[in-house]
Amino acid sequence: MDYALDRFTREVTAAIVATGRVPLDLVELTTPKAAIAADLAFPAFKAAKTLGLAPPQLAAELAATIQLPADGLIGAVEAVGPFLNFRLHAERLATHVLTNIMAQGDDYAAQQLGAGKTVVVDYSAPNIAKRMHVGHIRSTIIGQALVNIYRALGYRVIGDNHLGDWGKQFGVVLAAVEREGKPTAEGETALEQLEAQYARYVAAASDDPELDEHARHWSLRLEQGDSEARALWQWCVDLTMTAAQRNYDRLGVKIDHAYGESFYEPMLADMIQQALDAGVAFRDEGGAVVVEHLQKLPTFLLQRSDGGTLYMTRDMATVVFRLQEFQPHAIIYVVGEPQSLHLRQLFALIRAMGYAKDVGLTHVAFGTIFDAKGQPLSTRRGNMVYLEALLDDAVARARSVVEQKSPELPEAEKLAVAEAVGVGAVVYNDLYQDPKRNITLDWERMLATEGNSATYLQYSHARCSSILRRANEDGAGGPGGDLTLLIHPAEQRLLKQLARLPEVLREGAERYAPFVIADWCYATAREFGVFFEQCPVLKAESPALRGARLVLVAATANALRRGLGLLGIRAPERM
RNA sequence: GACCCCGUAGCUCAGUGGAUUAGAGCGUUUCCCUGCGGAGGAAAAGGCCGUGCGUUCGAGUCGCACCGGGGUCGCCA
């Protein structure tokens with residue numbers, strides 16, 4: 001698909017090069033700020049310096065000699081000081097953009113940039129035998145958005161849910177279940193009971209060394225493949241994943257694999273040996289396997305002195321497995337910022353061992369969530385927020401707004417709308433800003449229905465749908481007409497905004513930043529809002545204009561739905 | 001002590017070397033339903049871009065040093 005702005009950029013570049021004054025490698029174009037009346041600019045500074053000219057002089061010379069292609073998207077060119085400014089051709093822009101969108105529908109902005117390349121995304125990673133809480137929501141939501149974005153760019157994307165289903169603490173879970181029996185409840189309530197059993201066991205073990213020993217014994221049985229331990233472990237995994245799946249379904253999350261840490265157990269001895277053989281690690285006098293002096297990073301262990309393995313050991317095996325299994329071009333870890341040292345160490349270790357030479361290893365780090373008082377969330381503090389409860393609460397609040405704003409909707413639709421709006425608010429709260437920032441849990445902000453909020457975006461989409469629905473009913477003509485009539489400033493601004501999505505999609509992927517897409521959705525809704533106020537659609541001055549505006553409205557709905565879809569947010573027709 | 005992230009309007013955030021006037025939302029103060037959904041639109045007020053040096057024709061953006069907040073640092077994950 002040849003997108004309007006990509007073509008525009010190509011034409012501008014070619015036209016500048018064709019003047020013979022500026023070589024291709026000096027043609028760096030920028031998008032001017034909204035206040036400047038131009039769509040693409042060539043700042044002449046660098047080129048002028050190379051040619052020994054004053055920038056304004058070069059810009060003026062280029063403006064005088066440049067030739068514009070006959071039927072192209074460049075409408076005008078003008079030198080303004082040291083800038084050479086290009087403007088889009090209004091009529092051709094309208095035709096090109098709307099044709100693109102209507103041709104692609106829900107796939108608008110899809111590209112082949114990643115064709116033939118594989119990306120593995122490691123995200124979500126809930127802990128087995130525990131409820132998902134706000135600590136997992138960020139990884140899950142950001143990770144899924146990245147998966148959607150890379151898929152749209154044509155990459156083969158493998159999502160992997162690296163379950164926390166192993167390690168020393170799992171022995172405690174098994175010992176606690178043995179001591180108190182399996183929880184009798186179902187779903188998240190059962191997990192809540194497991195958490196309580198776990199806490200009681202840990203408390204009891206603090207003044208009873210035998211309990212501690214017993215837990216270690218269970219963990220050993222598990223690692224050795226004991227059938228009873230393994231069965232109990234599997235029961236915990238199933239219970240947890242069934243509960244997690246309900247959250248995933250609501251969030252539009254679908255993860256291809258869930259190997260989990262346990263999967264790598266059989267490979268660990270070999271991994272440790274490899275590290276020793278490669279001279280990257282050594283065994284110290286206590287028997288622990290140590291890695292030190294790796295790119296000035298702090299020392300870390302691959303094996304405890306008691307022979308046990310660590311998180312790092314399993315992560316190392318995980319990378320190697322993924323490299324062999326998927327042959328990826330990149331592996332992306334959507335993991336909290338507190339683990340950035342761990343991942344730097346992991347990546348350095350992998351490279352020191354000669355793996356992943358041409359494979360990008362990236363940590364998409366996200367900040368921590370704090371409560372309204374600025375305190376970290378923790379079970380011990382009693383301020384923990386669980387994912388399912390969070391979604392339920394958000395949906396309940398949305399439900400009461402729906403009841404108030406749209407009492408005429410059928411009951412089933414009210415429920416569906418409340419779900420879309422409530423869950424959308426939670427998702428958007430995580431995706432509208434740079435993930436690196438810490439987040440303070442703010443219900444007002446999160447469930448806002450005005451301004452930069454999921455609800456506003458969904459509302460804008462619903463208004464588009466409403467216009468299209470009415471157009472279909474009033475019999476005065478559907479979408480079509482003459483697209484070159486769309487030259488009103490509000491129409492042009494909206495068209496340009498719609499045209500940006502393909503580029504925005506690339507930027508979001510490059511920066512591992514779903515918020516770039518969220519930003520685009522918001523800007524699009526705003527432009528639509530202006531257009532909506534200024535340009536009557538159903539009662540446009542002429543049937544031809546009405547038809548053209550209906551195409552614009554349909555395209556806006558389409559593009560908005562697409563943008564929201566990339567973020568994992570649903571866009572109801574009515575709300 | 002070392003390293004990582006953050007610091008832009010009262011609050012929450014965009015702005016990843018270029019254009020006289022640094023942009024949004026919330027909140028505050030005003031307007032706009034005889035037109036398609038007011039969960040909307042328009043306008044105003046509000047900013048030594050943490051501080052100081054430096055690089056550059058040009059710095060919120062790059063470098064260094066401080067200050068403030070968050071985080072991490074061999075036998076948890």
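Numbers restart at 1 for each chain; the letters A, B, ... are given by sequence-line order, proteins then strands.
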On RNA chain B, more 5' by nearest nucleotide between A:Q433 and A:T368 is A:Q433
Atom C1', compared across B:rA22 and B:rA14: separation rounded to whole Å:
11 Å
Run the side-chain donor-acceptor check on residues 419-432 of chain A: report pairs under 3.5 Å with partners two or more places apart or on a different chain.
{"residue": "A:E419", "atom": "OE1", "partner": "A:R250", "partner atom": "NH2", "Å": "3.3"}
{"residue": "A:E419", "atom": "OE2", "partner": "A:R250", "partner atom": "NE", "Å": "2.9"}
{"residue": "A:Y428", "atom": "OH", "partner": "A:N452", "partner atom": "OD1", "Å": "2.5"}
{"residue": "A:D430", "atom": "OD1", "partner": "A:R138", "partner atom": "NE", "Å": "2.6"}
{"residue": "A:D430", "atom": "OD1", "partner": "A:R138", "partner atom": "NH2", "Å": "3.3"}
{"residue": "A:Y432", "atom": "OH", "partner": "A:R445", "partner atom": "NE", "Å": "3.4"}

Does A:R344 have a side-chain nitrogen or oxygen under 4.0 Å from the phosphate oxygens OP1 or OP2 of B:rC73?
no
Can you see if the side chain of A:R437 gets near the phosphate of B:rG70 - specifically, an N or O under 4.0 Å from OP1 or OP2?
no
Base B:rG37 to side chain A:S466, donor-acceptor N/O within 3.5 Å cut-off
yes
Report, as yes or no, whether the 6.0 Å neighbourhood of atom NE2 on A:H488 holds more than 12 heavy atoms from other residues, nucleotides or ligands.
yes
Aromatic contact, A:F42 with A:F83 (centres under 6.0 Å):
no
How is A:V553 classified with respect to the nucleic acid when contacts are heavy atoms under 4.0 Å: base, sugar-phosphate, or nothing?
nothing
With a 4.0 Å cut-off on heavy atoms, is A:C535 in touch with a base, just the backbone sugar-phosphate, or nothing at all?
base
By the 4.0 Å heavy-atom rule, please label A:D442 as base, sugar-phosphate, or nothing.
nothing
May I have all residue pairs that pass side chain to side chain donor-acceptor pair (under 3.5 Å) and include part of residues 516-536 of chain A, sequence neighbours excluded?
A:R493-A:E527, A:Q497-A:T524
Consider the side chain of A:P536, meaning its heavy atoms from C-beta on, and name the nucleotide among B:rG35, B:rG74, B:rA39 that approaches it most closely.
B:rG35
Suppose you measure atom P in B:rC49 against the same atom in B:rG23; what distance do you get, rounded to whole Å?
14 Å
I'd like the C1' distance from B:rU29 over to B:rG69, given in whole Å.
33 Å
Using the benzene-type ring in the case of Trp, are the ring centres of A:Y333 and A:Y512 under 6.0 Å apart?
no
Is A:Q303 touching bases, backbone alone, or none of the nucleic acid, heavy atoms closer than 4.0 Å?
nothing
Scan A:L310 against the nucleic acid and name what it touches under 4.0 Å (heavy atoms): base, sugar-phosphate only, or nothing.
sugar-phosphate
Any side-chain N or O of A:K539 less than 4.0 Å from the OP1 or OP2 oxygen of B:rG35?
no
A:V402 or A:N127: which one's nearest nucleotide on RNA chain B is closer to the 5' end?
A:V402
With respect to the side chain of A:D519, which nucleotide from B:rA14, B:rU12, B:rG25 is positioned closest?
B:rA14
Evaluate whether the aromatic ring of A:F532 and the six-membered ring of the B:rG40 base sit under 5.5 Å apart, centre to centre, with an inclination under 30°.
no
Indicate, with a heavy-atom threshold strictly under 4.0 Å, whether A:A462 touches base, sugar-phosphate, or nothing.
base
Spacing of the C1' atoms in B:rC3 and B:rA44 (rounded, Å)
47 Å
Ring centres of A:H162 and A:Y259 under 6.0 Å apart?
no
Let's test your reading of the model: under 3.5 Å, does the base of B:rA19 pair with the side chain of A:N85 as donor and acceptor?
yes
Could you run through RNA chain B and flag its stems, i.e. three or more consecutive Watson-Crick or G-U pairs with both distances under 3.5 Å?
B:1-7 with B:67-73, B:10-13 with B:23-26, B:28-32 with B:40-44, B:50-54 with B:62-66
A:V537 near the nucleic acid: base, sugar-phosphate alone, or nothing, with a heavy-atom cut-off under 4.0 Å?
base
Check this for me, if you would: do A:E413 and A:R574 make a salt bridge, where the nitrogen-to-carboxylate-oxygen distance has to be below 4.0 angstrom?
yes
Rounding to the closest angstrom, what is the interatomic distance between B:rC11 and B:rG47 at atom P?
12 Å
Distance test, side-chain N/O of A:Y456 to OP1/OP2 of B:rG41, below 4.0 Å:
yes
Say you pick atom C1' in B:rU12 and the same atom in B:rC31; how far apart are they, in whole Å?
26 Å
Look at all strands and tell whether A:Q404 reaches a base, only sugar-phosphate, or nothing, counting heavy atoms closer than 4.0 Å.
nothing
